[in-house]
Every structure is written in C-alpha cells, then in structure tokens.
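Single-structure report; data block below.
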Amino acid sequence: MEYNFRDIEPKWQKAWVENKTYQVAENGDKPKYYVLNMFPYPSGAGLHVGHPLGYIASDIYARFKRLQGFNVLNPMGYDAYGLPAEQYAIQTGQHPEVTTVQNINRYREQLDKIGFSFDWSREVRTCSPEYYKWTQWAFQKMFNSFFCNKEQKALPIEVLIKHFETEGNPGLDVAQSEPLTFTADEWNSWDEKKKSDVLMNYRIAFLGETMVNWCPKLGTVLANDEVIDGVSERGGYPVEQKKMRQWCLRVSAYSQRLLDGLDSIQWSDSIKETQRNWIGRSEGTEVEFQIADSDEHFTIFTTRADTMFGVTFMVLAPESELVQKVTTAEQKKEVDEYIKYVKGRTERERMIDRKVTGVFSGSYAINPFTGEKNPIWISEYVLAGYGTGAIMAVPAHDSRDYAFAKHFNLPIIPLVEGADVSEESYDAKEGIVTNSPRKDVKPYIDFSLNGLTIKEAIAATKKYVKEHNLGRVKVNYRLRDAIFSRQRYWGEPFPVYYKNGIPCMIPEECLPIKLPQVEKFLPTETGEPPLGNATVWAWDEANRKIVENSKIDNKTVFPIELFTMPGFAGSSAYYLRYMDPHNDKALLSPEAANYWQNVDLYVGGSEHATGHLIYSRFWNKFLYDYGFSVKDEPFQKLINQGMIQGRSNFVYRIKDTNTFVSLGLKDNYDTTPIHVDVNIVSGDVLDVEAFKAWRPEYNNAEFILEDGKYVCGWAVEKMSKSMFNVVNPDMIVERFGADTLRLYEMFLGPVEQSKPWDTNGIDGCHRFLKKFWNFFVGQDDKVVATDAPASKEELKSLHTLIKKVTGDIEQFSYNTSVAAFMVCLNELTKMKSTSREVKEALVVLIAPFCPHIAEELYHLLGHSGTVCDAPWPAFNEEHLKEDNMKMMVAFNGKARFPMEFPVGTDNAAIEKAALENPQSAKWMEGFTVAKVIVVPGKMINVVLKK
RNA sequence: GCCCAGAUGGCGGAAUCGGUAGACGCGUUGGUCUCAAACACCAAUAUCGAAAGAUGUGCCGGUUCGAUCCCGGCUCUGGGUACCA
C-alpha cells in the first residue's frame, strides 16, 4: 500500500473534529501549558505559505507538550477590525462585516487543511459584540482609575476624589498629564465640568490634547505616512499640526514596570532591547534657571549635569508656553513669524530636511553656576513633548547644540581636557573635566568640577543641585501615552456619551454598546467621523438604551462618542479571553485565570515589538493591578518567527520585441527583466506553453533557448501578488499533503530566521515521508512489526533520535530535528529493522510534526484512541554508550588520522599508542614532541617543534 | 547617526561546551531500471590539483596545541529608531 496522504489527512482531520480531540478544559490533575499565536488579521488575499510558519512551529510545540503530559491550551481567533475592510467598504459599499466574515471563512478553510491542534471551540473575533464587550469594559475600568506612583499601581479614581475633597492635591505623587496645584476648598467649590476636566489629568484612559496631522479640507486626522510634503497624500490638501482632543491611555505611567518586567521574561535580547529603547529611561537632573530682569523662572532637563559651566545659550521648544513670557517687544515680530513657520511643518518634513532654524527671544537666563546671562533662543530642534521642553545648550559637548551655535555664531566652551571642538562637538562621556569654572573668570559660587572624571562630575553636580535647592534629580521616559481614538467606522465604539460637555460612561450592565449601522463609511459632510452618519446613536439616560439621534435634547438623551477604538484595543487582552471565551458575566472567571495563569509560549512576528507587545503588557499590568489577570507579565516566553520570502522568477524580453531570451544568453541583447508567475516555472525552467497561455500579449511570444530550455533568472523578494511569487498552501497540500508541508516549512531553516520559499526543495521531505510509510507498511497493507527485542544498533539509532528531537523541540530547532529523522530512518532501513518497540516510538516522535501519518500508523500498529495521548518516548542514556571511543590524532592542531580505544583507557596509554602508531612517524619526521594533549573521546593533539 | 541581529559550497542551511567545517535536503554529474520519459534506487559533488597535498566559515590582527565559535579593529547585509538634551 502506497503512502496515500489524500485519504489519510481528511480522514483524521474529520476524526479530530468528531472526537473533539483538541478541546481542553481546566484540569487540576495535569500541569497546564498555554501556547499562543498572534491571531491574524483576515485579509482578502488569503494565506500564502509564509503565514502558517509560526502556527506550525507552535503546533509542534503544543503537540509535544501534550505528549509529555501537559494540559495544553492552543487557541486561535481573528483580529477582525482593521483598515483594509473599511477601505474596501468605502470603494464598493460592501459592509466590512460581510467581507470580514468571508475572509475569516476562507482563512479557516485554509487553516483546517494543515492539521493544527487548535481548540476552535474557544475562537474569538475582536469584532463580535460578545468579545468587544470586554474591550469596552476594560476601557471604562481605565477611565475610572488613576496611577499611584508610590504604590506603582492603578487605583480606583474614587480614592483620588476623596483625597481631593479632604486635602486637595499638594504632595500627591500620581501619574498626571501636567502638574496642577489646588486645595481641597478649591476642589469642593468647582462645578461638575471643572472637576471632570481636572480628573482627566489623572485618569488612565483620558481625553487629552495631542498634536495630530489635521487636514481641514478632508476633515480628518491623517497618519504620518498619509502626509507627503506637507499636503495630504489623497487630494493634495494642506495639512497642519493641530492640537486635538483624543482619547489616550496613560501607558507612560507604567514605564518603570514595563522596563523592570523585561528582566523576568524569556524574550530574545534584541526585542527586549528594542522595548528598552522605546521606553527610553534616562536618568538626569532638572535645573531651575531664573529669567534675567524678571520673576519668572523655568526648568530644564539634562543628563549632562557636568556641563553646567559650558552653557552658552538656552533653547525652548516653539510650542512651549514659556515662549510668550520670554519674548521681548523688539523680538515679537520675528518670533511670531518663526512660530508660524514651525506650525506649517509636519513631523515628516522635520525628519527629512534637518536644517538649523531658530530665533532669539530677546531674554536671558541666569546660569546658577556661573552667574552669566545666557541668551534664550527658540528652535524646533527642542521637542515640547520630552523633558520640560527647554534645554541648556552646551555646544562643545552636544552635536545638535554645536550645529546651532555654529549657525548662529554663538560661543563654544570646551570642558574636557584635550577635547578638540574646532570641527565637531565632543559628545563622549569620557575624560577629565576642565574649565569648570574657568580659570580666567572670578568664580561665581564655591564649587569646582575641575580634575574629576565626567561620571564623578555628574554625581557631584547632582549632589550640589539637591543641597542648594537648584533643582532635582529626575528620571525621564521617552515612552508616550497612546492615542486611543480613531476617526474610523470599523472599530469598537466607545461606551461614552456626552452630557453637557462632560464625558460619561454608559453603565457596565448595558455593555456592549454595539457598532451602529451606517449608510456611508466616509466622514460626514460636516467633518464628523463616520459614526456621525449613524441615525440611531444617542443615549437615553433614563431608559438606559440607544435611541435615534433626533431625540437628542441634552436633558435625558445625549450624543454618543463618534470616535472608535484603534486596532490595538481588541488585541491587547485576547489571550485572557481565550481562557474563558464564552463567559458573559466577566472577562474571565477567577477559576480560569488561576488555572491558565498566563501564556507560556507566544509566537509571532517581531514587527509588533513597539506596538502590540507594549500595549498588551500595559493592558495586562493594568488588569493585574485589579486582580483580573494573575500574572504581571502576559507572555512568559516569546518566539519571533521570521518571514518567508518569495523566490521570484524573471524572463528577459528583448527591448521593443516579443522575443524572450534565456538567462545564459541575455547579456548578448538589450533586455528588460519581467516577473513571471513562479507556478509556471519548475527548477528555474520556464514552461513555455504555459507562459504563452498566461497572458494574451504572450500568445505569440518567441524564445531564444539554451540547450532546448528556457532558463529563468531569480531573486529573493517579499512574497506578494505583484511579483507573481505567491505560493498558496492549498496547492502544496493538494500535491504533497499537509504533513509534507509542515515538515518542509520546518526543514527550511530556523523558525526565527527569514528565508526564501522554494517549492522545488519540497520533494526531499515528501520522499522522506514515503520512505517513512514504507518502513512501517508492507506489501499486504499490514504493519511489519516483530515483538523480538530490538538490537543494540537499532536502540542506539532510536535513542540518538529521541535525545536529539526532545532537545531540539525545546529549543525550537526544528530544522535539525527533521534532518535527524532522515538520518535515523536511513539507518533503520539499512538494518532492515522490524522491531515493534522501535516503530511504536518513531510514530510518537513524528506525531508533533506530521500528525496525520502518525495517527494512521498508530492505528495500523493496533492502537485505538489518538496518538496525541500516547506518552513521549523516554530517553535512555545506556543505549548510546560506546565500547570504544573514536579519537583523532592531530599534529599542531591539524587532524590527521583516527584511532579507537576502549572506553576508560587512561591518557598515558592513549598518548603512547598514538605516538607509536606507524602513521605518526610520517608527521613527526624532523620534529620533536613538545607535549601531547589528550581530550578523551575527541582528540589526541601532538604539539611538535623543530 | 545610534541600537540590535547576521555574513559558512551552485542554493536553503548543519556543526547545541574551543576539538575531523559543510550534517540533512535541493540542485548538478555519472550509473541501474525503462523502447523512451517519469518515478525509484546507487555513486560522486567546498576550491585548486592527475595525485600526494595545499587552501578554505566576509576582511585585518590577537589569544590558544587547536578558532565558524573567544578578544580588538573594519567592510557589507537585514531589522529597529531618530533632533529624547
């Protein structure tokens, strides 16, 4: 009987569904293991062979863990909200829900063919109301929370309100948008609106003013890449920087915890490093500067407190509120012009052309260390959003300050011994401090840094600043709060209505607030977001229900928020929902949370390093603070699978003709390379007839062949439709079977590495499975297996494999596992092994990789039940023990010939035997032996000298 | 610019602790089977060389009896990030 994957695979896939083989429940008798893939966005293009790579890798791990006796949760779902479906809706009028469901069904069909062990009974979709009820719920929890810096956790907003009522806010150490000061009396005297506004300064989900790219003509906010040269990509309308009220999440409050948490999880160093940079912790000093001839003062932030004596000017961000205060009457016109100029520049423009710009404000600041008056400048190179939006400029030791000083001809004072600052600044934090204070001026204060190293000088300055009340030591984070609203249709609606300008939460019992129907998916004519098109979108407070907009009276019926949530809202806590997906009383039950805890293994692309993987950790930490999640970190171990690239093929058309020339001859002509569908090319040889049929314009194409063949060129590129290099997994499954696809995807190379797909190589894996099948099944359709004990060689071969595969799977080194299978099968075939013991073990070993063939053979071996519940074969070291050790004799490190010794031979005897071996004489001729190094079992190294 | 990762045959990639570099697969070449092709099987396949042998893991240098592996410097490729003071 042949290996008939076309019968075997659908048969077992059906059996798994019928027997609910992969459904799991909390089970206290077994240890749990939670394997998770980043859930896909179901795009209209369907899956290509690159998509399942991570799913296969995690499926192998999940199956392996199950065979080892773990209760494995391996769920799958869809990140179903997103822009492409909405864009498609705008173009075609087709409701996003319709296309999304179509795409999901297509994905499911494709996934099912590959034989995953997903528990589909736990499927979630971010766009289903049963799911986004809990996204809305979490948002409300964040709205009703603030972050206490002292306890480093979220607390209910009522705690803060109580504090305000009794003590006001002095001395409060909480995360906030900007510093405010008020007393209890002031608080108590404020009306509802004012209180609401003040609380926004503290809530974890809050309405905040943020800078956005605003296009007045389109009436919408544009993302950075939708703006080109200051005008909108679509329409070419002017775009300006505008402060807009948006929902935000106070992710920045969790900066330190997000940073510290990285030490406790097993992620790759590179992704941890990316997150550390993104969080951007920097320890520095805030120093107060008095404005000359004024009572005003301002604060700057610096990490280089050692350079206080090298300050030659100050710079404010153009958006800083201080700008108006420091601008003098004479400079006002110039400053206003500059501010106007900066406003017209987008972030993108600033990035591309980095010219030095700025304007003098007319005022001076007094340097508390030198007493000198430093001019205050305004320049866009200082960012309002970081630190205090004001800096002290030390041109000698900061390249940006240096460029500015050179451009505006400002003084430069070097502060490091031997530093040459005539051509560029000296930015390194190494060297001995000098000129601090300068020897040619009378010291202003009794404080010197001269002679100290830079590190010592920073510490000494910090100490001085603290003791003399000139400022404070401060830690800054680069991490920004996340903007949480979008002016789009296809996303979660906010459970918020506006009562006389005050945002109010729709009661928790009324959730979910379902996305309303609209006729058009574009912004309204008055410039409102698409939800403005909904006619039933108002909140009747008394009757607690959604009603027609026409009923809005702002007394009992109020408008509902028109923004929707961004993509990361639904994907931030989905792993918790998988633990208890059908619970309509809570996000998840405490029982489920306590049993499944957190994700043990998370598999997905590294492109989410600074998006999803930060938001998710933030979201989980927030839920952890309230006890909904039982672990501070959501994903214990993370594997980033690489991309599968496409391997494109080219044909070469001779210019202005319809003649195509083969690769080897193309240099004789003036040709244009043209992408050709990889599915009509085999082994880089073009199927000429298929090419003619491919497109009408090639019907009468002519070819210049080499050796009777048309050879195509090739290149590795991204797998995409436009390059005609997309390979569909369905086609591979049809031709070779799911088991072959799974095996080959893993065999291509390390999971974490990007590598090109080449369908030609798949034959090797398919051949292996055919041989594997033939090893078990004889001519008469019966499994050939004898109960006689396995020979020593068979056991050695088998246990080498057990050891290798067990170790490899733990380390996600699947490609070498596959190679080990091939070697082992080869050996066993040569031995004509018929041992049942060996075959039983082999079936279980291959089950994680190729579950269908394993299941079939398991049954042919006489088992009922599923191979998924078989025990993983135990490794026995005894079988690998050798009688002899094979060693290489090397001369000066170069290996020459092998020798064998019984295990346990002592080093002296080995040395003697090696030197007396007749082959050695040849190499030792003309040399004397300096010493001999014996590495038992490996190497006998004879060190020779003349 | 800064941070991270990587560079090994014609190709994808092995070498898990510093010990015979190139496992395994593809491709290529030769052979067996076949009227023939396909399939299958066997053999060879880093480079130079008839061979003995020599040279080889991006480049230069170092440590070591011995380096793909450790150290210093450089080049290139991929990814992230960007006036973050």
Side-chain angles (χ1 to χ4, degrees), chain A residues 268-278 280-282 284-285 300-304 307 315 317 347 350-351 354 356 379-383 385-394 397-401 403-404 427 476-480 606-607 609-610 640 642-643 645 647 683-684 714 716 743-744 747-750 752-768 770-771 774 804 807-808 810-811 813 815-824 826 886-898 930-933 935 937-945:
Chain A
S268 74
D269 287 339
S270 74
I271 207 143
K272 282 190 190 180
E273 200 55 29
T274 304
Q275 291 215 339
R276 284 195 189 101
N277 291 341
W278 192 255
R281 182 192 154 102
S282 82
T285 316
I300 60 92
F301 175 79
T302 181
T303 53
R304 291 295 302 273
T307 59
V315 188
E347 255 178 64
R350 278 204 200 185
M351 263 192 282
R354 196 165 293 183
V356 179
S379 172
E380 60 180 335
Y381 87 86
V382 173
L383 306 176
Y386 184 77
T388 60
I391 62 151
M392 60 178 209
V394 185
H397 302 291
D398 182 287
S399 52
R400 296 154 301 178
D401 298 346
F404 196 83
D427 291 13
N476 257 326
Y477 299 91
R478 201 188 77 117
L479 187 65
R480 308 277 186 92
S606 57
E607 67 273 19
T610 55
N640 298 115
M643 287 241 291
Q645 297 148 312
R647 189 177 185 282
D684 287 336
W714 62 275
V716 172
L743 201 65
Y744 185 55
F747 182 67
L748 273 179
E752 299 178 76
Q753 192 174 308
S754 288
K755 58 246 162 192
W757 176 269
D758 182 2
T759 304
N760 291 313
I762 203 168
D763 283 335
C765 286
H766 191 59
R767 263 195 285 266
F768 163 77
K770 278 198 261 187
K771 288 183 210 166
N774 291 334
K804 179 86 181 135
D808 278 354
E810 286 290 358
Q811 290 169 55
S813 179
N815 55 332
T816 53
S817 277
V818 179
F821 271 112
M822 290 173 176
V823 172
C824 178
N826 228 328
K886 295 188 181 102
M887 298 178 67
M888 287 304 296
V889 184
F891 297 90
N892 286 344
K894 276 278 172 199
R896 301 297 173 169
F897 58 88
K931 62 175 161 175
V932 180
I933 295 154
V935 185
K938 290 195 170 158
M939 183 76 57
I940 307 153
N941 197 0
V942 184
V943 183
L944 302 170
K945 61 179 180 190

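Order of the sequence lines fixes the chain letters, A, B, ..., with proteins taken first and strands second; residue numbering starts at 1 for each chain.
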Residue met sooner reading RNA chain B from 5', once Y744(A) and K770(A) are mapped to nucleotides: Y744(A)

Nearest to side-chain heavy atoms of F301(A), which nucleotide of U20(B), A85(B), C26(B): A85(B)

Sugar-phosphate only, base, or nothing, as touched by R276(A) at under 4.0 Å among non-hydrogen atoms: nothing

Test log, rule side chain to side chain donor-acceptor pair (under 3.5 Å), inputs N640(A) and S606(A): CA-CA 5 Å; N640(A) 298 115; S606(A) 57; 5.1 Å; no

Proximal nucleotide (of G13(B), A15(B), A85(B)) relative to the S282(A) side chain: A85(B)

Nearest-angstrom distance from the residue atom NZ of K755(A) to P of G6(B): 15 Å

E273(A) side chain reached by D269(A) side chain, heavy atoms, under 4.5 Å: no

Y744(A) and W757(A) aromatic centres sub-6.0 Å: yes

Sugar-phosphate, base or nothing in reach of L748(A), heavy atoms under 4.0 Å: sugar-phosphate

Selected nucleotide, minimal atom distance to R480(A) side chain, candidates U81(B), C84(B), A85(B): C84(B)

Sugar-phosphate only, base, or nothing, as touched by Q811(A) at under 4.0 Å among non-hydrogen atoms: base

Residue pair M392(A), V394(A): steps toward the side chain to side chain contact (heavy atoms under 4.5 Å, CB included) verdict: CA-CA 7 Å; M392(A) 60 178 209; V394(A) 185; 4.2 Å; yes

Sugar-phosphate only, base, or nothing, as touched by A819(A) at under 4.0 Å among non-hydrogen atoms: base

A7(B) pairs with, by Watson-Crick or G-U criteria that keep both distances under 3.5 Å: U75(B)

Rounded distance in Å between the P positions of U47(B) and G10(B): 7 Å

G56(B): pairing nucleotide in any strand, Watson-Crick or G-U under 3.5 angstrom: none

Sugar-phosphate, base or nothing in reach of K771(A), heavy atoms under 4.0 Å: sugar-phosphate

C35(B) and U29(B), which share atom name C1', separated by this distance in whole Å: 25 Å

Proximity to the side chain of R896(A) - top-ranked nucleotide from A54(B), A85(B), G80(B): A54(B)

Between C84(B) (P) and R304(A) (CZ): distance, integer Å: 14 Å

Sugar-phosphate, base or nothing in reach of S379(A), heavy atoms under 4.0 Å: nothing

Separation between the P atoms of A46(B) and U57(B), rounded to whole Å: 16 Å

Sugar-phosphate only, base, or nothing, as touched by V823(A) at under 4.0 Å among non-hydrogen atoms: sugar-phosphate

Listed nucleotide nearest any side-chain atom of N815(A), set C26(B), C84(B), G13(B): G13(B)

Touch class at under 4.0 angstrom, heavy-atom based, for P898(A) against every strand present: nothing

Nucleotide paired to A67(B) in any strand shown, Watson-Crick or G-U, under 3.5 Å: none

Length of the line joining I271(A):CD1 and C3(B):P, which is rounded to integer Å: 19 Å

Counterpart base for U81(B), defined by Watson-Crick or G-U wobble contacts under 3.5 Å: G1(B)

Side chain proximity check, N892(A) to V943(A), heavy atoms < 4.5 angstrom: yes

A44(B) versus C24(B) - spacing of their P atoms, nearest Å: 11 Å

Flag for S282(A)-N476(A): side-chain donor and acceptor within less than 3.5 Å: no

Of the listed nucleotides C4(B), G27(B), G19(B), the one nearest the side chain of M939(A): G19(B)

Pairing of D684(A) and R647(A) as salt bridge, 4.0 angstrom limit: yes

Complement of U45(B), any strand, by Watson-Crick or G-U distances under 3.5 angstrom: G27(B)

Euclidean distance for P, G78(B) against C83(B) (whole angstrom): 23 Å

C33(B) and A40(B), which share atom name C1', separated by this distance in whole Å: 9 Å

Whole-Å gap separating P (G13(B)) and CH2 (W757(A)): 14 Å

Touch class at under 4.0 angstrom, heavy-atom based, for M822(A) against every strand present: sugar-phosphate

G61(B): syn or anti, per glycosidic angle within 90° of 0: anti

Counterpart base for A40(B), defined by Watson-Crick or G-U wobble contacts under 3.5 Å: U32(B)

Closest to side chain of V935(A), choosing from C84(B), G19(B), U20(B): G19(B)

Residue pair F301(A), I391(A): steps toward the side chain to side chain contact (heavy atoms under 4.5 Å, CB included) verdict: CA-CA 6 Å; F301(A) 175 79; I391(A) 62 151; over 6 Å; no

Gap in Å between the two C1' atoms, one belonging to A7(B) and one to U68(B), rounded: 11 Å

Candidate nucleotides G19(B), A85(B), G80(B), ranked by approach to the side chain of T274(A) - the nearest: G80(B)

Shortest side-chain distance from F747(A), nucleotide among G27(B), A85(B), G12(B): G12(B)

Where the chi angle of C17(B) falls, syn if within 90° of 0 and anti if not: syn

Of S270(A) and G387(A), the one whose closest RNA chain B nucleotide lies more 5': S270(A)

Heavy-atom check, side chain of D401(A) versus side chain of Y381(A), under 4.5 Å: yes

side-chain N/O N277(A) vs C4(B) OP1/OP2, d < 4.0 Å: no

Sugar-phosphate only, base, or nothing, as touched by D401(A) at under 4.0 Å among non-hydrogen atoms: nothing

Pairwise P distance, A15(B) and U8(B) [rounded to whole Å]: 15 Å

Sugar-phosphate only, base, or nothing, as touched by D758(A) at under 4.0 Å among non-hydrogen atoms: nothing

N/O (side chain, Q753(A)) to phosphate O (OP1/OP2, G6(B)) under 4.0 Å: no

Check: R896(A) and V889(A) side chains under 4.5 Å, non-hydrogen atoms: no

Sugar-phosphate, base or nothing in reach of K894(A), heavy atoms under 4.0 Å: nothing

Sugar-phosphate only, base, or nothing, as touched by S813(A) at under 4.0 Å among non-hydrogen atoms: nothing

Sugar-phosphate, base or nothing in reach of R281(A), heavy atoms under 4.0 Å: nothing

Presence of T610(A) side-chain N/O under 4.0 Å of U81(B) phosphate oxygens OP1/OP2: yes

Selection from A85(B), A40(B), A82(B) that lies nearest to any side-chain heavy atom of R767(A): A40(B)

